[in-house]
Structure formats: C-alpha cells, structure tokens
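One structure is given below, encoded as structure tokens.
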Amino acid sequence: MDGLLIGDKVTGGSGAVLRSINPADGLTNYEIAGANAADIDRAATLAQQAVRDAGWRKQKPHERARLLSRIADAIAANGEALARQQMIENGKVLAECRAQAASAAATFRYYAAACETMEAETPPARGNYFGQTVYEPYGVIVAITPWNSPLTMEAQKIAPALAAGNAVLLKPSEITSGVGLIVARLALEAGLPPGLLQVLPGNGRETGTALVNHDAVRMISFTGGTGTGRAIAAVAALRLIPAALELGGKSPNIVFADADLDAAIEGVIGGIFEATGQSCVAGSRLFVQRAIYSSFVERIAAAARGLRPGLPESSGAQIGPLASFAQRERVESFVASAREEGGQVLAGGQRPADQALQAGAFYLPTVIDGLSGAATVCREEIFGPVLAVLPFDGEDDLIAQVNESVYGLACGLWTADYKRAWRVARAIEAGTVWINTYKQLSIAAPFGGFKQSGIGREKGLSGLRLYQQAKSLYWGLDG
Ligand code: NDP
C-alpha cells in the first residue's frame, strides 16, 4: 500500500517497511514503505513553496477559517471510517474512536473560529510613533505524534498550525500511519492547497530524525515519550528552532476521606483504565487518605475486576487490547518488577482467560498495593492498565509525595472541602488539575506539562500562538 502524501499525491516511500498489525487479533492490516531522506526533501521543498506562495500567505484569516471549517465538515462526514482506521491500528474501543473522530472535527472548527477572531496588538507608545505587534507563521512545521490517539493529537497540531499560516509535515507513529493519511486526503479534497499538509510515515530513527534535522523545518511540535522529547529538544537546541513538547506523565488521583466516594471510584477507574491505560494523563498513582484506605482500595480492586475486556468493536467492551504486543510485554515487565519489589497485586496482573481474546494483546486491569513511592511502578510511566495505590495522612505529606515525581502532566483531586481543593490544586506541580472529576478535556483550554512532562501549551489560543512568532512594527509619526 502507498502510505505517503507528498504534494497532492499518495505515493510509495523509499524508507524502511512498516507493518501495521491489528492488536485485537494479531493480523496484518497493511504494509507500507516509510519516508526516507529523499522523500522528506521532496516534501519539504513543496512545503516551502506552499508557504511562500502568495496565495496562502496573503489569504485573510477569515478565508483560512472557511477552509478549516470545510476540513472539519469532511472529518465529521468521514468520522466512521476514521474511527475504524484508528481502531484497527491501535485497538482502542470503537466508541472511544468515534468520540475522538468527533473531537478532531471540533478541533478544526475551534481553530477556524480562532482564525476569524485573531487580533494584532497595539502596545502603548513610548514616543512619537504608532506601535503594532502582529503574529506571523514560522513556515514549515514538523508534527510528530505517538500511537495512542492519532485522531485527536494530529488534529491538535495540524489545525492551529494551518490556522496560523504554516505548512505541516506530519510524521505519525509507525504503529498508526493510516489516520493522518486519510485526514490529509480529506483536507486536499476540501480545497487545502497541495504542500500545506503532507504525511510522511516512517520510524523515528530514520524518518523522525531526518525531519527534525531538515533545514527547511522551522519549528517542531512533538507529542510522545520524555526520552524521545529530550533527544528532539537537543536537536532543536543545536538548530536554534523552537520545539513544543507534550511528554509523558505519572499523574496522581487523590481521594480525601470526605469525598463523594462513589463518584471518586468512577473517576479513578475511568482515569486509569480508559484507553487501557494508554493515555498521557492516565491517573496511574492513586493516593488515598489513610482513614479510608483499606475500604476504598478494596472497592477500587473490585471495580477493576468488574471491567469487561473485549474486542474493540463489541459494544460491551470496556477494555480493549494494548496497542501492540511489544507494549503488552512492557506492561508485563513492569508488573513483574512490582512483584519483585514486594507489591501485592489486588486485581489483574495477568492476561484474560477468555478464548476469544487470546490472539490479541489484552491485559487485565491491574491494581497494585503495598509499595512505597520509590518503587518502579510508582515512578515510571507504564502506559498501560496498571494502578499503583499509596496511602497519605495530611496535606503536607500528600503534596510532598505527589510532587516527588519528575512528571507534572495532570492530577485528580476528590474532596468535599473547596478550600482544601483550592490549596492542594495550587500546590500540585501539574499542567491540569481536575477537582471532583477526571479527564475532562476541552480544546479551548491550554494543555501541557510541568517539569519533565513537557514544554509549551497546546489547545486554546495558546495552541495557536505556539505556531506563530511575534513581529513588532513601529510607524514613525514625526515630521
Ligand atoms: P515515542 O516517544 O516513542 O514516539 C513518539 C513519536 O516520535 C513517534 O512518531 C516516533 O516514531 C517518533 N520518534 C521516535 N524517536 C524519534 C527521534 N529520535 N526523532 C524524531 N522522532 C522520533 O512515544 P510513543 O509513540 O511510544 O507514545 C507514548 C508516549 O507518548 C508516552 O510516553 C506518552 O506519555 C506520550 N504521550 C504524551 C501526550 C501528551 O500530550 N503529553 C499525549 C499522548 C502520549 P516511531 O514510533 O514511528 O518510531
């Protein structure tokens, strides 16, 4: 199958061959050859021409908005095909894939509206001149994405980058190459000029490295693991180009004794086990106040045991497979390390027995107790359905434990005391804090990480500014 989109053509690549495997049944979806340096060169030249082309540079924001709205419509009209493509590539349950296709369309709509309302600034003059600050595109952007949610994550980069007037070279994860290709074809059909959105699948080593090092690339927008983010940041530092980094997490979910415990159970279970734990904001560390620790943890373990694993397409499935067999092995090795370090597995800790699931990369929702915060599964991002539970006494003890993590992506907080919620929410080092809820996400709110969870904020108007650089103009009024 041809998997690259260069200019306005779907074409074969000249790089390493990628095989897409459906993690629900182990069968091959397709094989494509990824992009090599020569493919990237061709696409980068076309992208440069497309951004320099007066037609695109001079388009008024409201005209770009119209185009983005048409892309949103095309995504919405093809939502089912997009959802199914993501489902066969990463195994996410169909209901969630459908919701993510709708969210991708909404993202394009949001940035169409942002385009319409984008403003320049007039800073107060300090002399006899009129001052103006305008925001201009960088030019060619490379967007690199992971495999867990290509539908939403790619839209979150492509829509604002185009809205800001850039051209985008998209490199999806080698596990999920297909979604971006469909979106790019829809964008072309909706009238996006060729060269402004091109898709270059391939592995990180060959394609990713060549892209971030390409001279034409003026900015990098990356979502993925912290280790990869660090390597990309090093390239960006040498090249002196900006890099926006959305990285990993080890997010805490905190339950105080006075919380609505039924709501907290639901939030904690959904927070970690939705998407089979493969979410950057997964609430993978559960902190429970000591007074209710045993009874609450027992209820969490029972709820985890009650979740139904199933084939992604089946309507009753609450837990799909992991996105790849390698990812399941990774999860299994983390659970083995927890056992070696003295943890007690209260739920899961193994593959499901159901015969219908044996060919897939399934793993049961797992709850682990009896470890200290220093244990491997309490420190490292697992990116799988594994919840580590820890007790805390008071607020100071809690905040010290929570902030010990090198990560700072998100946090959930369950309490009936709003003053305490305010104190704790402000003390936690995280880019998003949910109070008596979890995993609510809005395209209108900035999203990103503190500490090693990233640099920069996607979404909202900051997500548009990410792809623009300020230029200040001074209009002299003397003489
Ligand atoms: P990786 O960091 O392994 O890969 C992410 C992307 O980077 C892939 O497209 C990968 O290519 C590419 N890549 C790998 N090495 C390089 C390189 N040297 N130069 C350029 N590109 C490279 O992450 P995963 O795909 O495994 O995704 C899981 C990670 O993503 C988790 O850590 C998770 O927390 C994080 N994530 C963060 C989110 C956030 O918003 N903060 C959201 C979702 C996920 P390929 O895989 O094709 O080799």
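Numbering of ligands and ligand atoms starts at 1, following listing order. Because only heavy atoms are used, hydrogens play no part in the values below, and waters and symmetry mates are left out as well, while side chains stay in.
For ligand 1, the atoms lying closer than 4.0 Å to a non-hydrogen atom of Gly202 are 47 (O). Near Gly208, meaning under 4.0 Å from one of its heavy atoms, ligand 1 places the atoms 19 (N), 20 (C), 21 (N). Numbered from 1 in the order shown, with element, the atoms of ligand 1 that lie under 4.0 Å from a heavy atom of Met153 read 42 (C), 43 (C).
Salt bridge annotation for Lys250-Glu380: absent, with no cationic side-chain nitrogen under 4.0 angstrom from a carboxylate oxygen. Arg351 and Glu332 are joined by a salt bridge, as a carboxylate oxygen and a charged side-chain nitrogen come within less than 4.0 angstrom of each other. Of the charged side-chain nitrogens involved, at least one lies within less than 4.0 Å of a carboxylate oxygen, so that Arg19 and Glu31 count as a salt-bridged pair.
Trp414 and Asn253 form a side-chain donor-acceptor contact under 3.5 Å, judged by distance and modelled atom types alone. In this structure, a donor-acceptor pair under 3.5 Å is absent between the side chains of Thr107 and Lys459.
Aromatic ring centres of Phe383 and Trp147 lie closer together than 6.0 Å.
An N or O contact shorter than 3.5 Å links Trp147 to ligand 1 by distance. No N or O atom of Asn203 sits closer than 3.5 Å to an N or O atom of ligand 1. Residue-to-ligand polar distances place Thr145 within reach of ligand 1: an N/O pair is separated by less than 3.5 Å. Checked against a 3.5 angstrom limit, the closest N/O atoms of Leu247 and ligand 1 fall inside it. Of the polar atoms of Ile232, none of the N or O atoms is found under 3.5 Å from an N or O of ligand 1, judged by distance alone. When only interatomic distances are considered, the shortest N/O to N/O separation between Gly225 and ligand 1 falls below 3.5 Å.
With distances taken over non-hydrogen atoms, the option nearest atom 7 (O) of ligand 1 out of Phe222, Tyr407, Phe447 is Phe222. Nearest-heavy-atom check against atom 47 (O) of ligand 1 across Glu246, Glu174, Arg230 picks out Glu174. By heavy-atom distance, the residue among Thr209, Val281, Leu18 lying nearest atom 19 (N) of ligand 1 is Thr209. Selection from Ile382, Thr226, Leu245, Thr228 by nearest heavy atom to atom 3 (O) of ligand 1 gives Thr228. With distances taken over non-hydrogen atoms, the option nearest atom 39 (C) of ligand 1 out of Gly448, Cys280, Ala410, Gly227 is Cys280.
Ligand 1 lies out of reach of Ser149, whose nearest heavy atom is not under 4.0 Å from it.
In Glu80, the CD atom is crowded: over 12 heavy atoms of neighbouring residues, nucleotides or ligands sit closer than 6.0 Å.
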